[in-house]
Structures are given as structure tokens and as C-alpha cells.
Amino acid sequence: MAQHEDIETMYQSHAQTVYRFLLKLTKDADLSEELTQDTFLRAMESADRFDGTCKLTTWLCQIAKNLFYDHLKYESRHSTSPLPEEDIIPSSERSLEDCLCDAELARKLRTMVHTLSEPFKEVFLLRVYAELPFQEIGLMFDKSDVWARVTYLRAKEKVLKMLEASDAV
């Protein structure tokens with residue numbers, strides 16, 4: 001009973017924060033609500049692994065972010081429609097816009113992004129999908145906004161190189 005009350009208290013205290021975080025990532029209220037529920041279910045299942053080295057909100061948002069990434073992976077495997085070009089590369093940096101008209105190429109780009117190592121993949125996805133400012137991304141990693149900007153640009157360069165290499169084959 002005490003554990004149930006603790007979970008209820010945790011949900012009441014942090015659900016809105018997690019929901020707003022997910023809404024910023026997904027831009028979809030229904031999906032954000034579903035992922036918020038899944039976040040607290042996952043937190044409940046793995047509560048024994050929370051060691052207190054970070055704030056509870058940070059831990060919950062990490063779970064939420066991972067669930068969102070899982071959702072993106074699932075969607076990319078089961079989607080036949082290409083991502084809108086602005087979801088791949090922000091409008092100010094559209095050097096690949098002609099390539100994105102092709103559904104097969106858009107799928108290839110999504111796959112390439114998911115092969116990036118951390119933190120490149122995570123920073124790229126937070127910037128492109130969640131449209132988070134570099135300052136917020138830096139804070140999530142306990143780094144500066146300059147670090148986030150440089151990491152994003154390096155990730156983008158890696159994706160462009162992979163794209164060039166795949167066209168050469």
C-alpha cells in the first residue's frame with residue numbers, strides 16, 4: 001500500500017512536467033499522454049534502479065525520452081511515407097532537400113541517424129525532432145550550448161558523409 005501511495009504521489013508531482021517535455025518532443029497531445037503513462041509504468045517497474053544521483057524529474061524525462069526514441073524507431077520501421085524534410089534537417093540548413101523528395105532516401109536518412117553513436121544521435125534527434133534550442137540540449141547533458149551546437153553539427157556532418165558514401169556505392 002505504501003508503494004502504491006508513493007507512485008501516486010510521484011505521478012501527481014511529476015506527470016505534468018513529463019507530459020510537457022514529451023509534448024515538446026512529439027508535438028502530439030495524444031501520443032504525449034500515452035508516452036507519459038508508459039513513462040510512469042516503466043518507472044514503477046524499474047524503481048529499484050533509481051539511485052538518486054540525479055533529480056527524479058531528470059530520471060523520468062530520460063525514461064520518457066527513451067520511450068519516444070523507441071516510438072520513432074518503431075514508426076521508421078513500419079512507415080512507408082517519408083518524413084517531411086523539415087523533420088530531417090532544419091529549414092535553415094536544407095542542403096539535402098532535393099534528396100528528401102524520394103521516400104526511399106528519406107527512409108535511408110532515418111536509418112543513418114539511428115546508426116550514429118551517442119551523444120551524436122541523441123543531440124541530432126533532440127534538435128531536429130524536438131526542435132529544442134541548443135541551450136536546453138546542453139542543459140540535458142550538463143554541458144554548454146556551444147557543446148550542443150558543435151555536437152549537432154558533427155552529427156549532421158556524419159549523416160552527410162554516410163549519405164555521400166551510400167550514393168557512391
Side-chain angles (χ1 to χ4, degrees), residues 6-76 83-96 109-163:
D6 291 341
I7 292 167
E8 182 71 25
T9 302
M10 178 177 64
Y11 183 82
Q12 289 175 356
S13 299
H14 301 287
Q16 278 297 3
T17 302
V18 172
Y19 173 78
R20 284 191 308 270
F21 173 75
L22 284 164
L23 188 59
K24 201 164 194 176
L25 287 174
T26 66
K27 300 186 183 12
D28 179 328
D30 292 334
L31 178 58
S32 297
E33 182 63 36
E34 181 180 330
L35 290 175
T36 298
Q37 299 299 321
D38 291 347
T39 297
F40 283 91
L41 178 62
R42 180 84 46 94
M44 202 169 58
E45 293 169 347
S46 59
D48 59 323
R49 287 187 263 160
F50 178 66
D51 59 9
T53 57
C54 64
K55 291 194 294 187
L56 182 60
T57 306
T58 303
W59 183 65
L60 291 168
C61 286
Q62 279 294 109
I63 294 171
K65 179 185 64 178
N66 290 335
L67 288 169
F68 172 64
Y69 287 165
D70 290 346
H71 172 78
L72 289 178
K73 287 177 192 173
Y74 176 84
E75 287 296 313
S76 71
L83 285 175
E85 60 192 41
E86 62 271 10
D87 284 349
I88 304 270
I89 296 174
S91 59
S92 63
E93 300 167 335
R94 283 200 190 125
S95 61
L96 302 175
L109 284 170
R110 257 186 266 142
T111 302
M112 289 175 183
V113 169
H114 285 289
T115 64
L116 292 173
S117 61
E118 296 298 344
F120 300 107
K121 177 173 79 171
E122 192 166 348
V123 170
F124 189 89
L125 291 172
L126 288 170
R127 179 67 179 168
V128 174
Y129 286 100
E131 298 176 359
L132 292 179
F134 291 117
Q135 185 175 10
E136 272 187 58
I137 295 170
L139 286 173
M140 289 181 78
F141 286 89
D142 202 23
K143 306 274 186 186
S144 69
D145 58 322
V146 173
W147 174 88
R149 185 180 311 274
V150 169
T151 304
Y152 168 75
L153 291 173
R154 287 180 180 161
K156 182 180 167 195
E157 284 176 13
K158 289 174 185 257
V159 170
L160 288 170
K161 285 180 182 175
M162 285 188 276
L163 183 61

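Please read these numbers as outputs of a predicted model, since none were measured by experiment.
Going from atom CG of Leu35 over to atom NE2 of His71 covers 6.5 Å, rounded to the nearest 0.5 Å. Atom CZ of Phe134 is separated from atom OG of Ser144 by 11.5 Å, given to the nearest 0.5 angstrom. In this structure, NZ in Lys121 is found 8.0 Å from OH in Tyr69, a value given to the nearest 0.5 Å. With values rounded to the nearest 0.5 angstrom, Thr36 atom OG1 is found 8.5 Å from Gln16 atom CD. Within the model, atoms OG of Ser46 and CG of Leu41 stand 9.5 Å from one another, a figure rounded to the nearest 0.5 Å. Distance check: Phe50 CZ to Gln62 CD gives 12.0 Å after rounding to the nearest 0.5 Å.
Two residues are said to be in side-chain contact when any heavy atoms from C-beta on lie closer than 4.5 Å; Leu22 and Thr39 meet this criterion. Between Gln37 and Tyr11 there is a side-chain heavy-atom pair separated by less than 4.5 Å. Residues Lys24 and Glu136 have side chains in contact (heavy-atom distance under 4.5 Å, counting atoms from C-beta outward).
Ring orientation note: the planes of Trp147 and Phe141 are tilted relative to one another, at an angle of 30° to 60°.
The nearest pair of heavy atoms linking Phe40 to His14 is CZ-C, 3.9 Å. Here the shortest heavy-atom pairing between Glu33 and Tyr19 reads N-CE1, 3.7 Å. The two residues Leu25 and Phe68 make their nearest non-hydrogen contact at O-CZ, 3.7 Å. Across Leu116 and Ala155, no two heavy atoms sit closer than the pair CD1-CB, 4.0 Å. Closest approach of Gly138 and Ala148 over heavy atoms only: N-CB, 3.8 Å. The two residues Val113 and Val159 come nearest to each other via the heavy atoms CG2-CG2, 4.0 Å.
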Working for side chain to side chain contact (heavy atoms under 4.5 Å, CB included), residues Ile137 and Arg149:
CA-CA 9 Å; Ile137 295 170; Arg149 185 180 311 274; over 6 Å; no
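Counting heavy atoms of neighbouring residues, nucleotides and ligands inside a 6.0 Å radius, atom CG of Asp142 does not exceed 12 of them.
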